[in-house]
Amino acid sequence: MSNQFDPIKEKIENLKQLLTQWEYQYYVLNSPTVSDFEYDETLKQLIALEKQYPRLVTPDSPTQRVGGKASSKLAKITHQTKMMSLANAFSYNELRKFDNSIKKESGLNEIEYCLEPKIDGLSVSLKYENGFLKTAATRGDGLIGEDITNNARTIKTLPIKIAYKEPIEIRGEVFLTKKNFAKINAQILDKDKKFSNCRNAASGSLRQLDPKITAKRNLSLLVYQIINKNEEDKIKQQSGIIEFLKLLKFKVAHEIKVCLGIEEVINQIEKFNVIKNTLDYPIDGVVIKVNQLDLYKTLGQTSKFPKWAIAYKFAPAIVTTKLKQIIATVGRTGRITYVAKLQPVELDGSIVSAATLHNAQYIVAKDIRVNDWVKVFKAGEIIPKIIGPVVEKRTEKLAKFIPFEKCPICGSKLEKIGDDVDQYCINNDCKARSLQAIIHYVSRDCMNIEGLSIKIIEKLWDHNLLKSITDLYELKNKKQEIINANLHIKDKMFDKLILAIENSKKQNLSNLIFALGIRHVGSVIAKKLAQIYQNMSNLMKVNFEQLMATKDVGETIAKSIVNFFANTNNINLINKLISFGVNMSFLTTSNFEKDSIYYKKCFCITGSFDIPRNEIKMRLEQKYDATVVNSITNSVDYLIANDFSSTKYKKAIANNIKIITEKIW
Ligand code: IVH
């Protein structure tokens with residue numbers, strides 16, 4: 001029998017080697033040697049043979065990259081050696097200080113450093129045994145990570161089999177190329193669901209429960225560290241580690257440089273700064289590592305960072321451009337936000353043509369004028385901001401900015417409310433206001449009407465089919481009109497939308513209160529009000545003093561609520577909603593886990609999970625009667641995290657807020 005199998009086995013072996021070699025050339029070396037067609041045809045041959053002889057399928061076969069099944073939960077993996085982070089430097093002087101301390105500790109006059117790009121992805125630990133990838137884990141909190149072996153196997157730059165038989169742990173960074181990131185985001189139509197940056201997208205893709213989804217995302221891997229290198233090993237330098245990893249057919253960064261002395265390092269960083277936007281992978285700095293590995297023990301580490309390395313973070317890019325126009329936009333509460341229209345300019349790899357100016361007071365305080373030259377900067381993913389005008393460049397006599405007096409959309413007089421610095425359009429019929437009000441009403445944290453995207457709402461608006469919140473509940477009577485209006489809404493889609501609208505009638509009172517868009521009433525206050533007053537008619541009757549006696553409700557919120565219910569337009573809206581059958585009561589289930597430490601607590605979430613956040617929110621609400629908010633404030637008790645570099649995470653740590661990594665929902 002084995003005789004009969006041998007030629008086949010050999011054929012399979014040859015095909016596997018060929019395909020592995022081609023993948024390496026294509027993904028790691030970036031120099032394909034065969035056409036996609038030839039690769040696909042050969043892969044098909046292998047698939048057919050393996051199908052015929054399943055016993056000959058081995059884990060290192062290129063067909064087995066997406067072999068793992070979807071799981072319901074990622075298992076935990078305890079790291080044998082803590083996955084550390086890096087100390088940061090933001091100036092060259094900090095680097096010189098770092099260099100001095102290394103010289104002092106080591107007793108050497110000059111230090112050799114290995115410079116590597118700091119890739120903005122997620123660090124992973126890969127363990128190989130007998131030459132085969134055994135486990136892949138995320139960093140997690142540094143001590144315990146998640147088992148992402150099946151997902152890691154789908155990464156084409158990760159060799160599943162290496163020519164090294166000893167157990168070895170290799171660490172590196174999983175990331176998305178800028179091109180793939182753009183591609184993934186382009187496929188997500190819902191604006192709210194798009195990934196805010198490359199790193200989040202990589203994290204979401206790597207931590208999928210179904211490897212098939214990860215495979216589609218085309219993640220990449222660059223490696224830079226070996227953990228359990230034998231003492232007697234011949235490699236003496238970090239640059240040697242990189243060379244060794246290259247030999248093992250891993251992908252390493254091309255831009256690695258060895259420098260003697262810190263001034264050469266600084267020189268090299270300047271060069272990195274110039275080329276950083278031309279690289280296809282996202283980098284947020286440069287990692288400077290002592291090259292001599294035998295110094296690592298002497299230099300040691302703190303509880304968080306090794307003392308033999310430091311990350312130099314690039315300063316945010318600043319450009320000067322001309323401010324062509326100041327416009328005002330109107331939000332759902334009527335609040336005016338000023339925006340600067342700029343002469344398009346390249347900033348950190350993208351073209352910037354607008355920047356936020358907040359409110360009129362901000363513009364006046366900075367004395368920003370139309371036709372001024374302004375300095376613009378972008379820090380990370382945040383939209384561009386203006387530092388201020390370049391006064392020396394003001395050649396003509398430019399008129400001082402005068403705040404708008406009228407709403408740019410409906411022309412009604414803008415008002416200031418109380419001590420608020422913002423201006424408001426208080427015309428309830430203003431198109432901008434009512435359009436934004438509808439968008440808010442249907443959004444995830446409000447009535448959660450799925451499928452009703454901003455685009456569709458705008459189209460329905462333009463066709464006079466949806467002018468107010470109450471029109472939503474009459475759309476079901478306009479099927480033919482909508483289908484005939486050429487809005488790309490077909491029969492099935494229409495039925496789905498109507499079902500989502502009908503289902504929204506069952507939403508809890510807390511969602512409805514938030515959805516009404518009462519100024520200063522966010523989702524947390526809305527939930528509190530719903531719990532205390534139990535139904536809409538109680539809430540409508542409440543007076544200022546009663547509200548002031550409510551925990552967390554201050555004067556501004558109390559006034560705003562009283563004003564809202566004093567307005568007949570709002571009363572009419574609520575009465576109409578009642579007539580459509582929208583739920584007006586606070587729904588509680590008696591199944592809350594009242595003994596849990598999470599009962600009635602306030603949560604915030606950071607990172608991507610296997611289920612959407614609104615689903616997590618709903619489950620937490622149903623299980624613990626919890627409140628879930630979008631940002632870290634004093635009222636947050638727990639941060640549910642799996643993005644350990646997010647601002648929320650940092651804020652939570654700084655404020656001693658407890659971090660949860662378990663899936664408690
Ligand atoms: S070395 C003990 N090298 O940056 C330090 N890290 O901010 C091990 N990173 O957690 C890390 N590129 O995820 C190292 N060339 C590089 C890196 C790199 C990106 C990440 C890594 C680390 C984080 C620290």
Side-chain angles (χ1 to χ4, degrees), residues 79-90 94 98 102 113-126 136-146 148 152 157 169-177 197-200 202-203 206-207 219-229 237-246 250-259 265 268-269 272 276 279-291 293 295-297 299-314 380 607 642-647 649-650 653:
H79 301 299
Q80 275 157 358
T81 313
K82 189 173 174 182
M83 286 187 83
M84 300 216 133
S85 190
L86 290 168
N88 287 325
F90 297 95
E94 284 174 84
F98 164 76
I102 305 241
Y113 292 103
C114 181
L115 248 69
E116 300 170 14
K118 186 172 183 310
I119 305 130
D120 200 9
L122 295 102
S123 43
V124 288
S125 145
L126 312 167
T138 60
R139 188 179 109 103
D141 63 0
L143 298 170
I144 299 172
E146 281 168 320
I148 40 120
T157 46
E169 182 182 347
I170 292 161
R171 290 183 183 170
E173 204 80 357
V174 169
F175 63 96
L176 273 168
T177 60
N197 61 38
C198 214
R199 200 179 170 283
N200 283 353
S203 170
L206 185 63
R207 304 183 59 264
L219 288 163
S220 303
L221 167 83
L222 278 175
V223 293
Y224 44 69
Q225 202 181 13
I226 300 179
I227 294 301
N228 52 344
K229 201 174 64 68
Q237 285 145 340
Q238 168 63 12
S239 49
I241 296 276
I242 300 284
E243 284 310 312
F244 180 67
L245 290 168
K246 224 167 160 179
F250 282 95
K251 188 164 176 135
V252 295
H254 287 304
E255 298 78 14
I256 288 168
K257 289 273 179 312
V258 174
C259 302
V265 166
Q268 197 56 49
I269 292 176
F272 264 113
K276 68 173 194 244
L279 303 175
D280 193 29
Y281 46 82
I283 69 171
D284 59 347
V286 179
V287 184
I288 298 122
K289 297 176 182 171
V290 169
N291 204 24
L293 297 177
L295 285 180
Y296 285 20
K297 251 199 194 136
L299 294 169
Q301 58 192 49
T302 70
S303 63
K304 285 188 189 148
F305 320 119
K307 289 191 184 166
W308 41 263
I310 196 161
Y312 176 82
K313 292 283 195 81
F314 294 129
N642 65 21
D643 180 352
F644 303 98
S645 62
S646 65
T647 315
Y649 182 76
K650 286 175 195 157
I653 295 286

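Ligands are counted one by one from 1 in listed order, and the atoms in each one are counted from 1 as well. In what follows, residues are counted from 1 in the order of the sequence shown.
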Determine whether Phe90 and Tyr312 make a side-chain contact, defined as any pair of heavy atoms from C-beta on separated by less than 4.5 Å.
no
Protein residues near ligand 1, heavy-atom distance below 4.0 Å?
Met84, Ser85, Leu86, Glu116, Pro117, Lys118, Ile119, Ser123, Glu173, Tyr224, Gln225, Val287, Lys289, Pro306
Under 3.5 Å, side chain of Asn291 to main-chain N/O of Ser239, donor-acceptor pair present?
yes
Ignoring hydrogens and geometry, is there a side-chain-to-backbone donor-acceptor pair from Arg171 to Gln225 under 3.5 Å?
no
Give a yes or no on whether the backbone of Ser645 and the side-chain of Lys650 come within a donor-acceptor separation of less than 3.5 Å.
yes
Assess whether atom NZ of Lys304 is packed by more than 12 heavy atoms of other residues, nucleotides or ligands within 6.0 Å.
no
Side chains of residues 113-126: which donor-acceptor pairs under 3.5 Å do they make with residues two or more places apart or in other chains?
residue, atom, partner, partner atom, Å
Tyr113, OH, Asp99, OD1, 2.5
Glu116, OE1, Lys289, NZ, 2.8
Glu116, OE2, Gln238, NE2, 2.6
Glu116, OE2, Lys289, NZ, 3.4
Ser125, OG, Glu169, OE2, 2.8

